[in-house]
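In what follows, a single structure is set out as structure tokens and then discussed.
Proteins come first, then strands; the chains are lettered A, B, ... in the order of their sequence lines, and each starts at number 1.
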Amino acid sequence: MIHFVLLISRQGKVRLTKWYSPYSQKERSKVIRELSSEILSRGPKLCNFVEWRGFKVVYKRYASLYFCICSDQDDNELETLSIIHHYVETLDRYFGSVCELDLIFNFHKAYFILDEILLAGEMQETSKRTTLRLIAAQEELLEAAKEEASSLSSIIAQATK
Amino acid sequence: MEQLKTIGRELAMGSQGGFGQSKEFLDLVKSIGEARSKAEEDRIVLREIETLKRRLLEPDIPKRKMKEYIIRLLYVEMLGHDASFGYIHAVKMTHDDALPLKRTGYLAVTLFLSDDHDLIILIVNTIQKDLRSDNYLVVCAALNAVCKLINDETIPAVLPQVVELLGHSKEAVRKKAVMALHRFYQKSPGAVSHLVSNFRKRLCDNDPGVMGASLCPLFDLVTIDAKSYKDLVSSFVSILKQVAERRLPKSYDYHQMPAPFIQVKLLKILALLGSGDKQASESMYTVLGDIIRKSDSSTNIGNAVLYECICCVASIHPNPKLLESAADVIAKFLKSDSHNLKYMGIDALGRLIKLSPQIAEQHQLAVIDCLEDPDDTLKRKTFELLYKMTKSSNVEVIVDRMVDYMISISDDHYKTYIASRCVELAEQFAPSNHWFIQTMNKVFEHAGDLVNIKVAHNLMRLIAEGFGEDDDATDSQLRSSAVESYLRIIGEPKLPSMFLQAYAISALMKIYAFEVAAGRKVDMLPECQSFIEELLASHSTDLQQRAYELQAVVGLDAQAVQAILPRDTRCEEIEVDKDLSFLNGYVDQAIEKGAQPYIAEDERNGMGNVSNLRSQDQHESIQHGLRFEAYELPKPPMQSKVDPVSSTDVVPVPEALSYRETHPISSVGSTSEAGSSELKLRLDGVQKKWGRPTYSTPTSSTTNSPSEKPANGASHVDSATASYSKSRDSQNTKKTEIDPEKQKLAASLFGGSSQPERRSSTGHKASRSSGGAADGSRGSKAVEKTIQQPPPPDLLDFSDEPTVTSALPSVDPFKQLEGLLDSSMSSTTNHNAGTATIAPDIMSLYGDSTASQDSLDIFHGLSTEPTGATSGETTVTTLPQSVKGPNAKDALEKDALVRQMGVNPTSQNPNLFRDLLG
């Protein structure tokens, strides 16, 4: 089972966190602090796994972003590594050549996509196409709502308030 | 008017397909992005919190604005600050009818709230309503929230609906319902135990996604009780077969592998079902063989499947052919340049080693390379492997290495772990008592507070009881050597822990008592004297008392000592009268005189003392009566970590203390006695191992079984040791080009089990094939080694990367962008920045090692793929080229947009614009 997903930039800035096991806010900051110092200091040729407090943290660097997943001791590390890659590829397809900036400004979308891939700490969908189709279905409604909101009457209503 | 303008700008941005948030939010993100220190970031976030608090209090916030506030709250929370003041607004948003808002609301509550939060009760109703919605997207959003927010108390509220949704017409809903039910099962197995048959049903779902999702709960169920799922073996095998034969839709392919994530899950389940079941295992052999043959070993995911196959092969009833191919895969992993694969190889080796011990030997040099690797993760994994292959012949080398490593690290968690490993190995395989004591001393010296107290109890008991020898002389010799070593430790300027002090004084006490009882005159060494005096003034009452006791005991005559610490009663149970019934008379007397009757502590304050089992029971029963709060969740391990300080305080076992109060003098041996009752089983084992001074190390080499008792080994010893050294010589001559030190290590680690020895020494027909294989591999190993010596110029080898990166910040990302524009129009530019951005394609083709920094960065992601240098090239060249064309334009547009909005990444993070996938 996956316990949490972290995205940290090379400067140690948090870009996304998702917790599947209960951690208090205090513990979360501690975990992030500990892991980012451990992972960011690792050299490029070393393996992408870190054993940490009886868990395994699998991380992978894309450009200047580190994607980290903490999973159980007996999980398959290479599979976890592939889950990360799968997520990044899905993001890439969604955003069209995704870059860190997309994730910074649209982190909630990154969350939505993550929620369609991982659920309750397990992989729920392994097909990129299915994931994206579902996201697109949700966004269509979103677009419709947006248009409605931006109709002229609402602008005037807001402006005259 | 001003307002209209901003709205106009927002709308404009929305129609541009931009980020869709207000300038304010973009500014926030930007300023945080540019913050130079954590303190600055915190200041910005705190200011934002103030703003949000104010804004959220405003009346009639338009919904779109509200949504943005919620997202801003998320951002604040993500950066580690408390946004609880806004939780209620997120909850309210889930009530909204519009899906986009509802979805955002659900996202926010799943990120904000844990399943025991007070606000959950306000959401359950909404969730119930949404689960009944006609719109499947609403149901999906609600199910996402169910997985995170529903706890064992609220399960009944949504359970019927979730079960109903298992038959929903949309596969996305069915899938999420399966996951939700799985979550329920994890949280409270009792509540859904009657529903587990649903998972079986969903296994036959015609949507592969739902089938894949049902594997997660089935895996859990099989882990708990494999027997009741044996009937599914054939289904799993046939599903796996279909997957491997690419019968699933193409969209489940991942890097040319057919549905690998589903394969991995299935293999995990099969490993459990086939364990110890010959018949079930036999039905799996064919499909396993097929998968191992078909799997693509040039991708991560292919190797993940291969690794899972090895785990499965190692777990089910062994099949020689499969074992052989598994060994081949392991060889491939270990020979790889990728650390990831080496790591997996070491792990797989550890799994296979029990079934075919000879394969470790084939890879001895690879293993030693991994042990000496600078990568800590790999090193630890290798220790894990060594732990599994320890036997009496190599225990000294392995434990010495472990202790050295233990001393060198500072991570308490792992230190504890490796210390316990050392202790375990030393207890099981110690070649001599002297070595055992020395090793234990080292462990206690460097990780005293981290070792389980029981270990110390064991050691003390062992010294006190003797080593099971009939010969008293050896015993007392050992004892004196133990005393010497303790004296040496006491002589150190400062003892590392109270824990150790306590045991040192206990040991001294026992030894002096023994000496006195034997009628010998005791001269207390000055070191001991000063040590005791120091402890007399110790802050720890326990240590102080022990010191006083020791002083008193030494002053007594032989007979008294004999009575207090009888020599041969250590194994006798001492009955402790916990009710202190012998004091009843005294108590009655006191009460008659008007004293208050005693009220038990837990009755006094309602809450029992948790440290003592009995009161803990009581504590539980009290809670059963009047419990208002939700059950506590299992705390993550970091919290349960025992504070080292408190663990030293625990040293005086509570029972021992109460015992001591009643018999102040005879309490000396009580610590070990008190501990002994639970330790009994384990100690017996230790005693057996210690039955004889077994320095006859290689005896087990003839049988390869570490548990072999030396009983029948006596005659083998000489010949085996001879052959042992002989084989070492032969190894030496064979591999002269290899670092002799490494060789020696290999010999000492693996020598014990080497095949050729067996052939030469005992002469009985060692299976020729395996012997030959060993020889062959040795030869090839040497060849391989020489090839490896001058590493081929690796295209993807950017080992100097980190040093260069520091120079990076001087590159302006916008320059790069302009460069990109130039180069995409006319590729003749020799603009520095321009070449940098398009470099990857060219780089990969020509492998120019003087590549500029940027291309290295981009490449890095690719180079970590476990592709061999050759196969890596192809992916590198094809992948970016095919995608790069439209991307450059895309990226440019995006960047222009961002720049328009005034986001201008500073030199701090020039990579912001870089595509993650390179």
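For chain A, the option among B:S251, B:A213, B:G80 with the highest count of heavy-atom pairs below 4.5 Å is B:S251. Top candidate by heavy-atom pairs under 4.5 Å with chain B, chosen from A:T80, A:L16, A:L91, A:L103, is A:L16. Note: B:C216 leads B:P249, B:G209, B:C216, B:P260 in heavy-atom pairs under 4.5 Å with chain A. Options B:K176, B:R380, B:E308 differ in how many heavy-atom pairs under 4.5 Å they form with chain A, and the most are formed by B:K176. For chain B, the option among A:E79, A:R133, A:E116 with the highest count of heavy-atom pairs below 4.5 Å is A:E79. When each of B:F219, B:Y252, B:Y75, B:Y414 is checked for heavy-atom pairs under 4.5 Å with chain A, B:Y252 comes out on top. Among A:L65, A:V88, A:D115, A:T126, the residue with the largest count of heavy-atom pairs under 4.5 Å with chain B is A:T126. Ranked by heavy-atom pairs under 4.5 Å with chain B, the first of A:D74, A:I32, A:I83, A:V58 is A:I83. Comparing A:E51, A:Q124, A:K128, A:R129 by how many heavy-atom pairs each has under 4.5 Å with chain B, the most go to A:Q124.
Note that the SG atom of A:C99 and the CG atom of A:D92 stand 10.0 Å from one another [nearest 0.5 Å]. Atom SG of A:C47 and atom CG of B:L341 lie 10.5 Å apart (nearest 0.5 Å).
With a 4.5 Å cut-off on non-hydrogen atoms, B:M78 touches chain A through its backbone and its side chain both. B:L79 touches chain A through its side chain: at least one heavy atom from C-beta onward sits under 4.5 Å away, while N, CA, C and O do not. Only the side chain of A:T130 comes within less than 4.5 Å of a heavy atom in chain B; its backbone stays farther off. Contacts between B:E171 and chain A at a heavy-atom distance below 4.5 Å are absent for every atom of the residue. Interface residue B:H182: only side-chain heavy atoms are found under 4.5 Å from chain A. The contact between B:Y254 and chain A is made entirely by side chain atoms (from C-beta outward), counting heavy-atom distances below 4.5 Å. For B:K170, no part sits under 4.5 Å from any heavy atom of chain A, backbone or side chain. For chain B, the nearby parts of A:F49 are the backbone and the side chain; heavy atoms of each come within less than 4.5 Å. Within the 4.5 angstrom heavy-atom criterion, only backbone atoms of B:I32 (N, CA, C, O) approach chain A. Of the two parts of A:H3, neither the backbone nor the side chain holds a non-hydrogen atom closer than 4.5 Å to a non-hydrogen atom of chain B.
Below 30°, between 30° and 60°, or above 60°: for A:F4 and A:W19 the angle between ring planes is between 30° and 60°, a tilted geometry. Ring geometry, A:F112 versus A:H108: the interplanar angle exceeds 60°, so the pair is classed perpendicular (tilted spans 30 to 60°). The aromatic rings of A:Y62 and A:F67 sit perpendicular to each other, their planes meeting at more than 60°, with 30° as the lower class boundary.
Salt bridge B:D375/B:K342: absent, no basic N to carboxylate O contact under 4.0 Å. Between A:K13 and B:E41 there is no salt bridge, since no side-chain N of the basic residue sits under 4.0 Å from a carboxylate O of the acidic one.
Heavy-atom neighbours of B:K38 NZ from other residues, nucleotides or ligands within 6.0 Å: above the threshold of 12.
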Report task. Could you check B:R183 against B:Q186 for side-chain hydrogen bond (donor to acceptor under 3.5 Å, both in side chains), going step by step and ending with a plain yes or no? Result -> CA-CA 5 Å; B:R183 193 62 163 179; B:Q186 284 174 335; 3.3 Å; yes
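Side chains of B:Y307 and B:D347: a donor on one and an acceptor on the other come within 3.5 Å. For B:S338 and B:N340, the side-chain atoms include no donor-acceptor pair closer than 3.5 Å.
The shortest side-chain heavy-atom distance between B:T104 and B:L101 does not fall under the 4.5 Å cut-off.
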